[in-house]
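In the text below, chain A, chain B and the rest are named by the order of the sequence lines, each starting its count at 1. Worth saying up front: this structure is predicted, and the values here are computed from it rather than measured. Values reported hereafter were calculated over all heavy atoms of this structure, with side chains retained and with hydrogens, waters and symmetry mates removed.
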Amino acid sequence: MDRNKFEPALIVNKKARPKKSLIKILKPYIFLAPITFFVIVFSYYPFFKTIIFSLFKVNVAGELTKFVGIKNYIDMFKRPDFVNSILVSLKFTVMFVPLAVIIPLLLALIANKPKFLTKFYQTCFALPMAVSMSATCLIFEQLLHRRVGLLNYLLERSGFYDNMTAIDWLKNPKWALPALVIILIWTSIGFDFMLLLAAVRNVPSELLEAASLEGAGYWRKVSTVVLPIISPTLFFVICTQMIKGLTMAGPVMILTKGGPLGSTSTMIYYVYTTGFRSTNYTLGSTASVIAFLITFVFLLFNFIYEKRGVNYD
Amino acid sequence: MNSKPDHLRLYKKFKYYFSSVLSILLGIVIIFPILYAIFAAFKDNVNFDSYPPRILPETFTNLENFKYILTETLIPRYMLNSLIIALVASSVRLLFSTMASYAFAFFEFKGKNFLFFFIVGTMMIPSEALLISNYLTVSKLGLLNTYAGVLCVFFVSATQVFMFRQSFRTISGSLREASYIDGCGDLQFYAQICIPVSKPVITALGLSTFVNVWNTYMWPLLVTDKAEMRTVQVGITMLSNADSAAKGNVFAGIVIIFIPMLILFAISQRNMVYGISSGAVKG
């Protein structure tokens with residue numbers, strides 16, 4: 001056979017016979033083929049397709065009809081309902097991320113000290129991760145019910161509602177978004193608690209003892225010894241929570257449908273209503289790209305900060 | 001003089017039990033929604049409209065709600081759908097990512113770095129931004145209302161590739177050389193050395209994928225509209241929106257779909273996070 005065909009192979013491995021080295025060369029690609037296929041078809045292809053869609057007018061069948069450049073984006077920012085959805089997502093993220101990091105962290109610190117029945121409450125702290133988001137939504141819908149919900153009952157009994165009518169949590173423009181924050185925090189407590197607990201447990205006890213000898217109190221030890229050591233895990237949790245907050249849509253779809261008065265209409269919920277409810281792929285794709293860019297900028301900021309704040313030793 | 005240490009010890013003991021009790025109370029507050037759902041599953045439907053709201057049901061022997069869910073609704077079918085989807089998705093994902101990681105850990109080849117970043121780069125693209133395009137692809141392939149249509153977007157996990165590469169790197173190159181000389185091929189080395197060595201990571205990542213896929217809501221909702229192809233998560237919210245089904249039934253449904261997760265959780269609480277805390281985060 002034509003020897004030249006195998007020349008690159010011969011350069012890589014001169015001892016091998018030509019046929020064998022071809023297999024050898026192809027082998028890693030064969031191992032990588034399945035995942036690469038799916039990465040292309042279901043990640044990069046749709047990603048670029050969405051970007052292209054956002055530069056065109058797209059009809060209901062998903063075909064491009066007219067190139068319009070960045071006009072879609074300009075139009076997008078003139079739509080008050082879309083600008084509102086960006087603000088809602090940002091507001092949600094600002095409320096969600098700090099709590100969704102601090103609460104599991106505090107729980108991990110609490111559970112790290114061996115106490116009476118530690119196993120029991122550790123399991124309690126982790127258990128929410130076994131409940132799915134949609135089930136959680138349905139449970140909280142009942143707990144937050146205006147008339148027969150347990151929360152309002154407790155608030156009423158404790159005298160909180162003395163001079164006002166009971167709040168209808170999920171139907172009040174001011175309170176619906178915070179209510180969704182609580183629900184999403186509850187669903188994510190379990191997993192992040194377990195992660196942070198594993199990290200806190202890995203803090204070497206000698207370091208803590210050394211800090212105690214120098215007279216450091218508990219919180220001082222946490223801030224100077226524990227936090228720097230668990231910073232990689234913390235960073236991971238912050239990033240994932242940020243993505244979760246910015247792309248939140250499930251609870252909105254199940255509980256509030258974007259309302260009341262658009263107060264819970266998030267970016268991805270906007271994508272859902274425009275793209276799937278009204279089959280307007282132009283709007284939906286443009287909104288998707290903007291949502292992606294906003295998420296990306298947030299992550300970028302995180303990674304810039306990581307260089308300074310996270311310690312990998 | 002002796003009273004002081006005694007006093008201190010007493011104080012310490014008090015502090016120990018006091019903080020224990022506080023922690024236990026906190027634990028109960030956190031799992032309260034779960035307890036509430038379990039109690040609610042035994043209530044008859046009138047109970048939900050009563051004021052003041054009641055937490056405990058009148059009896060724990062009223063199994064009507066469970067009977068209704070298991071016989072009158074499609075929830076059992078939904079559970080089967082979700083089970084199939086979650087099982088296939090987590091196994092295929094594990095297979096694909098271990099294969100890819102094997103290539104990254106043990107081979108030298110052209111474009112290695114590029115391919116690695118090509119795959120890991122998908123971490124930066126949230127799947128929510130791809131919903132429309134992926135929906136169009138799936139519908140063009142005629143996969144709406146099929147398992148394949150729901151499954152196809154779950155096969156890739158960049159995080160897993162990252163972690164398995166980490167894990168395979170702990171296997172020394174000389175071990176591979178030695179088994180090569182003994183006539184052990186790559187497939188054999190992959191199946192008989194790499195996979196068993198990474199068993200803890202595989203269990204951890206397999207379980208967390210299973211839970212995640214079982215819990216996804218939006219994608220299955222978009223690509224299925226036939227009643228019998230729904231997954232549990234979609235099905236349970238449909239049940240709650242339907243007028244015919246009452247609150248007690250919905251909570252029984254919630255409890256029933258919670259049971260498989262609870263079993264998994266009981267078996268594997270520790271395993272579930274092991275992979276992430278040991279692999280990705282330490283980089």
Side-chain angles (χ1 to χ4, degrees), chain A residues 27-28 31-32 34-36 38-39 42-43 46-47 49-50 62 110 115-117 120-121 124-128 130-135 138-140 143 147-150 153 186 189 194-195 198-199 232-233 236 243 247 249-250 254 268 271 275-276 281 284-285 288 291-292 295-296 299 312, chain B residues 16-17 19-20 23-24 26-28 30-31 33-34 36-37 48-49 51-53 96-97 99-100 102-103 107 109 115 119 122 124-126 128-134 136-137 152-153 155-156 186 215 217-218 222 233 236-237 240 250 254 257-258 261-262 265 269 273 276-277 281-283:
Chain A
K27 227 182 219 168
F31 272 91
L32 283 165
I35 201 166
T36 313
F38 279 92
V39 163
F42 292 104
S43 293
F47 181 63
K49 189 172 170 181
T50 311
I110 290 171
K115 268 172 267 185
F116 181 60
L117 278 178
F120 169 78
Y121 59 78
C124 290
F125 294 168
L127 208 54
V131 188
S132 67
M133 184 270 297
S134 47
L138 298 176
I139 298 171
F140 274 88
L143 293 174
R147 195 171 50 83
V148 293
L150 218 52
Y153 176 71
W186 192 81
I189 279 181
M194 296 280 282
L195 257 184
T233 312
F236 178 81
I243 298 175
T247 59
I254 296 169
I268 299 299
V271 170
F276 293 97
Y281 295 134
S285 302
S288 297
F292 161 76
T295 317
F296 191 74
L299 282 183
Y312 281 104
Chain B
Y16 173 83
Y17 281 108
S19 62
S20 303
S23 310
I24 290 166
L26 185 62
I28 292 171
I30 284 176
I31 60 160
I34 301 174
Y36 180 83
F48 289 93
D49 268 335
Y51 187 90
F96 282 7
S97 30
M99 279 169 68
Y102 185 83
F107 292 116
F109 53 95
L115 275 171
I119 292 170
T122 56
M124 283 292 173
I125 311 174
E128 285 82 359
L130 307 175
L131 287 172
I132 292 178
S133 303
N134 275 338
L136 288 172
T137 310
C152 59
V153 297
F155 288 159
V156 174
D186 275 306
N215 284 344
Y217 174 76
M218 199 145 167
L222 294 176
Q233 305 309 332
I236 192 79
T237 55
S240 111
V250 174
I254 290 173
I257 66 173
F258 173 60
M261 289 299 105
L262 192 66
F265 183 81
Q269 202 193 120
V273 229
I276 295 148
S277 56
V281 176
K282 280 181 191 162

Applying a strict 4.5 Å limit to non-hydrogen atoms, the region of A:Phe276 in contact with chain B is side chain
Name the region of B:Phe96, side chain, backbone, both or neither, that has any atom closer than 4.5 Å to a heavy atom of chain A. both
Pick one of side chain, backbone, both or neither for A:Leu299, based on which atoms fall under 4.5 Å of a heavy atom in chain B. side chain
Hey, which of A:Ile243, A:Ile110, A:Leu117, A:Leu143 has the most heavy atom pairs under 4.5 Å with chain B? A:Leu143
Hey, does B:Ile28 have a side-chain heavy atom less than 4.5 Å from the side chain of A:Tyr121? no
Using a cut-off of under 4.5 Å on heavy-atom pairs, state which of A:Ile189, A:Thr36, A:Ile254 scores highest against chain B. A:Ile254
Is it the case that the side chains of A:Thr50 and B:Ser133 hold a donor-acceptor pair, with the cut-off being a distance below 3.5 Å and no angle test? yes
Interface moiety of B:Leu115 toward chain A, non-hydrogen atoms closer than 4.5 Å: side chain
Does B:Leu130 reach the side chain of A:Ser288, with side-chain heavy atoms less than 4.5 Å apart? no
Is chain B contacted by the side chain of A:Phe47, its backbone, both, or neither, given a heavy-atom distance below 4.5 Å? both
So which part of B:Leu26 gets closer than 4.5 Å to some heavy atom of chain A, the side chain, the backbone, both or neither? both
Could you measure the distance from the CE atom of B:Met99 to the CG atom of B:Asp186? Nearest 0.5 Å is fine. 11.0 Å
Given a strict heavy-atom distance threshold of 4.5 Å, which part of A:Leu150 is in contact with chain B: side chain, backbone, both, or neither? both
Once you round to the nearest 0.5 Å, how far does OG of A:Ser285 lie from CG of B:Leu136? 8.0 Å
So what's closer than 4.5 Å to chain A heavy atoms on B:Phe109: side chain, backbone, both or neither? both
Counting C-beta onward and ignoring hydrogens, is there a side-chain heavy-atom pair between B:Phe155 and A:Ile35 closer than 4.5 Å? no
Between A:Phe38 and B:Cys152 the two heavy atoms that sit nearest each other are CD2-O, 3.8 Å
In Å, rounded to the nearest 0.5 Å, how long is the span from CG of B:Asn215 to CD1 of B:Ile257? 8.0 Å
Most chain A-contacting option - heavy-atom pairs closer than 4.5 Å, from B:Ile31, B:Ile254, B:Ile132: B:Ile132
Give the member of A:Gly250, A:Ala291, A:Ala249, A:Cys124 that has the highest number of heavy-atom pairs under 4.5 Å with chain B. A:Cys124
